[in-house]
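Inspection log for the structure reproduced underneath, given as C-alpha cells.
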Amino acid sequence: MSTFDPTTSDATTSGAAASAEPAPGASSPVDRHPLNRARAARAEARTRIEEAAARLFAERGYAGTTIGEIAAEAGLSKPMLYRHFDSKQELHLALLERHRDELAAGPLRELLDGSGSLEERMEAMYEAWFGYVQSHPYTWRMMFRDTTGDPEVQAFHRELQRRQRATDAALLREYAPGIPEAQLEPLGEVIRSSLYGLALWWLDRPEQPRELLVATMVRITRGLLATAGE
C-alpha cells in the first residue's frame, strides 16, 4: 500500500502533471493522430455538402440543382463530393432522413418526457417543432414540398407522411382514449396536415411570430382532446 510522502515536492508533482496537459487551445495527441484528423476532415466535408445541398435544393429545386453546383457551393471538387454520396438522389434522401429524424425527436421528447400539464407539454412540443423549422429555413422547403419528380423521393415523402400520421394517431390514442378507433388515422392526418400547412404558410409570412403558430396548433389539438368522449 502506497502512502503520501510529505517530503515529495508539490511543485515537482504539479509541474509534471502540468507538463502532461496540452496548453490552452492546443490539440491533444489523440486529436493530432492522422486517422482522427482524417475522420474530422471527412465529417466537416460531409456537413458542408449537406448544408450546401439543402440551400440549393430549397432555392432552385431538385431538378434545377446539379452535383457540380453543390460541390462548388460547398467549396469542394466533384470527385470529393462523390466520395461521400454516389448521386444527387442519395444526397437528397440522406438530407430528408436526417431532418426527418431531428424534426421528430425534440418535439416528442418535450411531450413524453417533459414536466407540467398535458397542455403545457403540448405547447412545448409544438414550440420545439416550429423552432426546428425556423432554425432550418432551407430544409423545410425540402421536407414539406416535393418538387423532385423522382419516384423514390416521392415514395420517401409518402412514407414520411404515413409515419407522421401514425405517430399523431398513436398520441391521440394515448391521450384521448375516447376517440373511436376508426377516426384516429384521419384525425392524425388533420394534425399532420395542419403542421405542414402552417409551416408552408409561415414560409411566405416570416414576419409572423412563432408563438402564433404554436398557439394555433395547441387550439386545434385541445379541441380534438375536448371532444374525445363524444
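None of the values given here were measured: they were computed from a predicted structure.
No side-chain heavy atom of Gln164 sits less than 4.5 Å from a side-chain heavy atom of Leu160. Looking at Trp202 and Gln134, their side chains come closer than 4.5 Å, going by heavy atoms from C-beta outward. For the pair Thr66 and Glu69, the minimum side-chain heavy-atom distance is below 4.5 Å. At least one side-chain heavy atom of Leu225 sits less than 4.5 Å from a side-chain heavy atom of Leu172.
For Arg83, the CZ atom counts as loosely surrounded, since its 6.0 Å shell holds 12 or fewer non-hydrogen atoms of other residues, nucleotides or ligands. For CD of Glu185, the number of neighbouring non-hydrogen atoms (other residues, nucleotides, ligands) closer than 6.0 Å is 12 at most. Residue Arg205 places its CZ atom among more than 12 non-hydrogen atoms of other residues, nucleotides or ligands, all under 6.0 Å distant. Heavy-atom neighbours of Arg109 CZ from other residues, nucleotides or ligands within 6.0 Å: at or below the threshold of 12.
The two residues Ala52 and Ile70 have their closest heavy-atom pair at CB-O, 3.9 Å. Taking each heavy atom of His92 and Tyr62 in turn, the nearest pair found is CD2-CD1, 3.4 Å.
Glu211 contributes atom CD, which lies 9.0 Å from atom CD of Glu123 (distance to the nearest 0.5 angstrom).
A salt bridge is defined here as a Lys NZ or Arg NE, NH1 or NH2 lying under 4.0 Å from an Asp or Glu carboxylate O, and Glu50 with Arg46 meets this definition. We find that Arg48 and Glu73 are not joined by a salt bridge, their nearest charged nitrogen and carboxylate oxygen being 4.0 Å or further apart. Contact check on Glu110 versus Arg121 returns no salt bridge, with no Lys/Arg side-chain nitrogen under 4.0 Å from an Asp/Glu carboxylate oxygen.
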Legend entry - Worked verdict on Ile191 versus Arg165 for side-chain contact (heavy atoms from CB on, under 4.5 Å): CA-CA 8 Å; Ile191 296 175; Arg165 186 164 52 244; over 6 Å; no

Inset, instruction - Report the C-alpha separation of Val133 and Leu103 in whole Å, then their side-chain angles, then the decisive distance to 0.1 Å, and conclude whether the side-chain contact (heavy atoms from CB on, under 4.5 Å) test is met. - result: CA-CA 8 Å; Val133 167; Leu103 183 61; 4.2 Å; yes

Legend entry - Chi angles and distances behind the side-chain contact (heavy atoms from CB on, under 4.5 Å) call for Leu76, Leu81: CA-CA 7 Å; Leu76 301 169; Leu81 187 150; 5.6 Å; no

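A cation-pi arrangement, defined by a distance under 6.0 Å to the six-membered ring centre and an angle within 45 degrees of its axis, is present between Arg192 and Tyr196.
No donor-acceptor distance shorter than 3.5 angstrom exists from the side chain of Glu44 to the backbone of Ala40, with no hydrogens or angles considered.
Defined by atom type and a distance below 3.5 Å, a donor-acceptor pair is present between the side-chain atoms of Thr221 and Tyr126.
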